[in-house]
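To start, the structure under review is shown below, and the notes come after it.
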Amino acid sequence: MAEETAVPGRTASGSPLAPAWLGVPANLNALESKLWAHDVDRGPGGELTVGGLGVGELAERFGTPLFVLSEDDFRARARAFKDAFDAAFADVCGGVDVYYAGKAFLCSAVAAWAADEGLRLDTCSGGELAVAAKAGLPGESLGLHGNNKSDAEIERALDLGVGRIVVDSLDELERVAAIAAARADADPERREVRAKVMLRLTPGVHAHTHEFIATAHEDQKFGLSMAPGTASAEFQAEVAEESGPEAAVVASAAEEAVAAAAGHDSIELLGLHCHIGSQIFEPEGFEVAAVKLLTFLAAMRSAYDVALPELDLGGGHGIAYTPADTPRPAAEIAEVLAAVVRSTCAELKITPPRISIEPGRAIVGSTTFTLYRAGTVKDVVVDLPGVDGPGHGEEAAGTTATPTAVRRYLSVDGGMSDNARPVLYDADYSAVLANRASSAAAQLTRVVGKHCESGDIVVRDVYLPADAGRGDLIAVPGTGAYCWALSSNYNYLGRPGVVAVRHGSARWIVRGETEQDLLSRDMGV
Ligand SMILES: *Cc1c(COP(=O)(O)O)cnc(C)c1O
């Protein structure tokens, strides 16, 4: 990255339209390593390569837009997470179960790689369970999430023998218990098989990037509230009878669920779960949530005589999308969390539960870049924001002209149909010219898609070589998570496929859609 900014909104030598955080790179051909898979490099002529394969050949063979995923990088990141957390928690609970959150990007190949590297798999629908089954993963290695699981999804999970159903509400707890009981009644061989359940709780902690907020009540659809007074009137009356009115008024929905689960023969209550946010860089939010959950877990163990052997601290670990992003390494987060679990359990005088986590983005996000073909380039004159009046403007024909600057729009052959995150979340990305090196000057550029929508932005602000244009290849790193998964057929664009590269060879793991696919559900006139 280049010089610090002098004036807000301006880089020292960059465009006045650039955001403050975006410096002018000293070398436009250099790759910021934290944004890319470890085996992405520049080859002869400056062509971008992955696992030794040039992007020109990939574009030729597979077409564009294309998701290009490094299998070695996926495996390395999966292993690194598992190793880092296992090492940090070895003396606390003998290691950590790492569930890859499949919703970030799932197909049978990545499910199988995750399993190879010692990870389990989180799913949140019958469809995701079907992918896991197609990959041949053992049921015990699967978790099922969701705030509105259908009876059919619960049945399917039980058929597969999933390791855990993460229950999201009291209503769902009763449905899981009833379905499991009915199955046991119908089939004597299932009599001993109980449904393994975790309870998803909302600890009132919400984290994103550099901040976390803590509140008593969470205004969201997920989970069971830990806040005092959130239990049903019915449960409060029960508690009042058992333990007096003081205990009754503070009883929470979470406590009610523990009590209910403990009362069902068809349920094996494994423990508690929380998930506090996404794209989290700092460990503090995880620490606050861990202390809350452990304190509650200790109270429930003694109040209801339940073992609660497991605690899941969720996912949300962040990655770098632009040079300005600085997530902490997994090992650092792991050590901070291990320290807080160790000391809190010692204080509470409890045996530490087995810890699990659910990273999605942090495993797959940086493994993948999207390869686009550039098309139309348009330079648009725009008014400079927040700069006007005498002293800044130029005098022209007796009037004070508003200062202007040129913004370059470079269009690519995909857009919001293959990356909805800029539209949905205002997400920032980065990009490079991929088919060649260039010694042209840096040009602030907005990379946009080809959809009929002015918000169809792929990369809001990036410096690209001024000679990048039609026919060039543009690569956008960090598109492994929540891009293919959220892709659509808007404007009847076929969704791009995903190519996995390993040891110098490339193969489809999900093929791209053809025009025939696009028309296959149209029932005709
Ligand atoms: C989305 C989600 C995850 C994964 O989140 P990332 O930000 O991709 O790590 C994990 N657990 C639950 C319950 C989720 O909903």
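Counting convention: from 1, in listed order, for ligands and their atoms alike. Numbering starts at 1 and runs along the sequence shown.
- Here's the thing with S278: none of its N/O atoms is less than 3.5 angstrom from an N/O atom of ligand 1.
- Residue-ligand proximity, G360 to ligand 1, at heavy-atom distances under 4.0 Å covers atoms 6 (P), 8 (O), 9 (O).
- Summary of contacts: the protein heavy atom closest to atom 8 (O) of ligand 1 is Y482 OH, 2.6 Å.
- The backbone N or O of F212 lies less than 3.5 Å from no partner atom in the side chain of E284, so there is not a single donor-acceptor pair.
- Screening I276, V340, V205, L293 against V288 for a side-chain contact (heavy atoms from CB on, under 4.5 Å) leaves a single residue, V205.
- At a 4.0 Å cut-off, at least one heavy atom of P359 sits close enough to ligand 1 to count as contact.
- Listed by number with element, the atoms of ligand 1 under 4.0 angstrom from any heavy atom of H145 are 13 (C).
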Practice item. Evaluate the criterion side chain to side chain donor-acceptor pair (under 3.5 Å) for residue pair H503 and E71; output intermediate values, then yes/no. Key: CA-CA 9 Å; H503 300 160; E71 178 178 343; over 6 Å; no

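- The shortest distance between side-chain heavy atoms of V447 and V412 falls below 4.5 Å.
- Heavy-atom minimum distance, A260 versus L173: CB-CD2, 3.6 Å.
- Near A101, meaning under 4.0 Å from any of its heavy atoms, are these atoms of ligand 1: 3 (C), 4 (C), 10 (C).
- The aromatic ring centres of F281 and H317 sit 6.0 Å or more apart.
- Between Y100 and F74, the ring center distance clears the sub-6.0 Å criterion.
- Comparing G318, G316, A481 by heavy-atom distance to atom 6 (P) of ligand 1, the nearest is G316.
- Nearest-residue assignment for atom 15 (O) of ligand 1 (options Q279, R200, K103; heavy-atom criterion): K103.
- Close contacts between ligand 1 and E358 involve ligand atoms 3 (C), 4 (C), 9 (O), 10 (C), 11 (N), 12 (C), 13 (C) [criterion: under 4.0 Å to a heavy atom].
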